[in-house]
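In this text the structure is predicted, and so the values were computed from the model without any measurement.
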Amino acid sequence: MGFGPITRPPQQGGGGAGGPTGDNPDGSKLVATGSQTGRIFFGAFADAPAGSYVLDPNDASALPLDVPGGVLSYALGFKKSDLAFNVRDYGAKGDGVTNDSPAFQAAINAAGAVKGAVLIPVGATYLLNTAVTLVSDITILSLGRYLTSVKAGPGVANAVFLGTSGAAVKNVTLQGFGLDGNFGTAAASLKGVQVTNGSRITCRDLYIHDLGDAGIVYQGLTGISGTPYSRVLDCRIDNTGLNDGQTGFGVTIKDNSPWCIVDRCEMDGIKGGMGVGLNGSAGTGFPTHSTITNNKIRMAPSTTGFEAIGLTAGCDYATIDHNDVFDSQDNGISVSCAHSTCNNNTVDGAWNSGIWSAGNDNVIVGNNIRNVGKQKDGPQYPGINLSGCTNNVVGLNRITDDQTVKTTTFGIKESITAGGHQYFGNRITGTSVSAYSLLSDTSSFLFPNGIGTLVYAATITPDASSSAYKRLVVTDGNAFTITNPSNAFPGAVLTVDITNSSSGAMGTVTWGVKFRFSTPFTAPAAGGRTVYEFVYDGTTWMQK
């Protein structure tokens with residue numbers, strides 16, 4: 001905009017009330033006194049009150065901003081030029097009692113006619129008792145999401161800010177104010193912002209809270225339709241879905257709404273739905289190419305709750321990175337879509353699995369997962385669950401079971417046969433059954449390097465997934481069995497290094513039926529060592 005620092009014009013006379021001290025280029029008067037004030041005036045006001053501050057008197061053409069407490073800490077200049085519209089100029093009271101919906105609607109309509117901005121003065125509560133209908137090419141703006149509150153009244157139906165399917169609004173930004181759903185007084189099914197068949201909608205720096213239904217909804221209606229290229233940025237969303245239905249999401253993006261972004265948001269107490277949920281259908285299209293990054297989401301106990309982040313089949317080519325999710329009421333993160341990334345997320349607490357993938361060709365790397373499977377003990381709720389999908393790459397994940405109440409689980413599990421997955425570098429601790437549970441011989445482990453230890457016992461089962469080189473130290477002359485390795489896959493290499501640390505001969509060694517020796521097995525003598533290397537061909541472990 002090019003405006004300069006906040007200054008005060010020269011005073012007339014002493015420190016008392018003064019009159020006009022000069023004219024702006026647009027003809028407005030500038031006046032000031034020695035007393036400070038929390039109100040700034042710009043634009044064509046014939047008689048500004050004493051004590052006004054001005055923002056660069058050489059470039060001052062704007063609307064008034066209220067700053068509470070008499071302290072000017074931050075200000076924005078809105079170029080008037082008939083493009084900015086203050087809701088107070090249209091009759092808004094901001095007393096939390098008067099229905100300010102007509103004033104908001106009038107200001108929005110006026111701004112829409114010229115592609116302008118709607119200003120909500122800071123430091124007040126504006127009661128809206130009917131929904132406000134959005135129009136295209138506007139910005140609705142205030143100066144602080146915790147200082148300015150737009151509060152739903154009992155007469156609001158559906159959503160507080162509504163973009164109807166018929167209007168097909170585009171290029172709309174809502175920024176810098178609180179949106180109070182007033183649950184318990186307002187409608188139990190109320191949403192905060194809902195746009196249908198729109199485009200390029202942005203909710204930025206909003207504080208949305210206490211809603212019976214969803215906080216923000218971008219969607220289509222019938223046919224291939226949606227609200228593409230839309231964003232939710234830097235918002236705080238608390239206590240949505242309080243009606244405990246199945247649609248009380250923090251943010252939901254539906255239908256043909258590709259290229260949407262949810263970034264740097266904080267959500268807490270999301271109850272009757274997901275924190276961030278994406279879904280569609282063949283009839284309405286899918287929200288593909290979405291970006292869900294850098295969010296912190298904590299779910300609330302619910303009878304109908306879902307994942308903290310969930311994408312259904314068809315929402316392909318998504319990026320789900322660097323999110324922290326807590327206390328999910330289903331899986332921590334569900335990725336049923338394909339060709340997507342789910343990387344560097346933290347899942348701390350989930351009713352079912354930590355990350356659940358049912359889509360093909362996904363990349364799941366670098367996630368930190370702990371305290372999952374809270375619904376019940378048992379291996380059906382692992383850290384990462386691959387269900388009926390193919391060709392996922394799963395690596396460098398850290399999966400820890402810190403729950404004292406759990407008894408069994410897997411770190412990574414293939415729950416429905418498909419396979420073709422590649423695993424590498426996963427660190428899995430605290431699980432009492434197995435790091436992996438694989439159903440398909442077509443899955444493989446990349447770089448299964450390192451040296452593992454086989455615990456000497458009557459029955460020993462090597463795990464082909466954890467390391468390619470296994471050391472076994474035999475301490476007595478008892479017989480023992482080395483069974484067929486678990487988690488075998490074609491091309492796997494297994495080296496068994498046996499050291500006889502007993503004082504005499506080893507007991508009889510029985511090998512699993514899948515082992516095939518090119519030369520008969522010979523046990524090492526006391527103090528001796530022997531090494532055998534095998535390769536798995538999909539049926540047998542052949543000695544190299």
- [ ] Look at the rings of His289 and Trp259 and say which category their plane angle falls in: under 30° parallel, 30 to 60° tilted, over 60° perpendicular.
- [x] parallel
TODO: Would you confirm whether the ring centroid of Phe177 sits within less than 6.0 angstrom of the ring centroid of Phe104?
DONE: no
TODO: State whether the side chain of Asn243 and the backbone N or O of Gly248 hold a donor-acceptor pair below 3.5 Å, judged by distance alone.
DONE: no
Open item on the list: Do Gln105 and Val132 make a side-chain contact, defined as non-hydrogen atoms from C-beta onward lying under 4.5 Å apart?
Closed with: yes
Task: Tyr423 and its side chain to side chain contact (heavy atoms under 4.5 Å, CB included) partner, picked from Asn397, Val394, Ile384 - done: Val394
Open item on the list: Measuring only between side-chain heavy atoms, which start at C-beta, is Asn360 closer than 4.5 Å to Cys389?
Closed with: yes
Open item on the list: So does Arg231 get a backbone contact from the side chain of Thr202, meaning a donor-acceptor N/O pair under 3.5 Å?
Closed with: no
Open item on the list: Could you check whether any side-chain N or O of Thr227 sits under 3.5 Å from a backbone N or O of Gly198, counting only pairs where one atom can act as donor and the other as acceptor?
Closed with: yes
Open item on the list: On a heavy-atom basis, which atom in Thr133 and which in Ile108 lie closest, and how many Å separate them?
Closed with: O-CG2, 3.8 Å
Open item on the list: If we check side chain to side chain contact (heavy atoms under 4.5 Å, CB included) with Leu190, which of these qualifies: Asp213, Leu242, Val156, Asn158?
Closed with: Val156
Open item on the list: Under 3.5 Å, is there a donor on one side chain and an acceptor on the other for Gln329 and Ser302?
Closed with: no
Task: From Thr240, Val262, Ile270, residue fulfilling side chain to side chain contact (heavy atoms under 4.5 Å, CB included) relative to Val251 - done: Val262
TODO: Determine the minimum heavy-atom distance between Ile320 and Asn345, stating which atoms define it.
DONE: O-ND2, 3.0 Å
- [ ] Say whether Thr319 and Asp321, considering side chains only, have a donor N or O and an acceptor N or O under 3.5 Å apart.
- [x] no
- [ ] Would you please say whether a donor-acceptor pair under 3.5 Å links the side chains of Thr293 and Asp263?
- [x] yes
TODO: Mind checking the OG-CG spacing from Ser281 to Asp255? Nearest 0.5 Å is all I need.
DONE: 6.0 Å
Open item on the list: Quick check: closest heavy atoms across Arg264 and Leu233, and the distance to 0.1 Å?
Closed with: NH2-CB, 4.3 Å
Task: Chi angles and distances behind the side-chain hydrogen bond (donor to acceptor under 3.5 Å, both in side chains) call for Ser149, Asp180 - done: CA-CA 7 Å; Ser149 178; Asp180 181 357; 4.8 Å; no
Task: Arg236 NZ/CZ over Tyr207 ring centroid, <6.0 Å and within 45° of normal - done: no
- [ ] Return yes if some donor-acceptor pair links the side-chain N/O of Asn367 with the main-chain N/O of Ile369 below 3.5 Å, else return no.
- [x] no
- [ ] Indicate the atoms forming the closest heavy-atom contact of Ser136 with Ala168, along with that distance.
- [x] OG-O, 4.0 Å
Open item on the list: How close do Ser336 and Trp356 get, counting heavy atoms only, and between which atoms?
Closed with: OG-CZ3, 3.1 Å
Open item on the list: Could you check whether atom OH of Tyr317 has more than 12 heavy atoms from other residues, nucleotides or ligands sitting under 6.0 Å from it?
Closed with: no
- [ ] Answer yes or no: is there a side-chain heavy-atom contact under 4.5 Å between Val217 and Phe249?
- [x] no
- [ ] Check whether any side-chain heavy atom of Asn362 sits under 4.5 Å from a side-chain heavy atom of Ser340, and report yes or no.
- [x] yes
- [ ] Can you see which heavy atom on Ala214 is nearest to which on Thr247, and at what distance?
- [x] CB-O, 3.5 Å
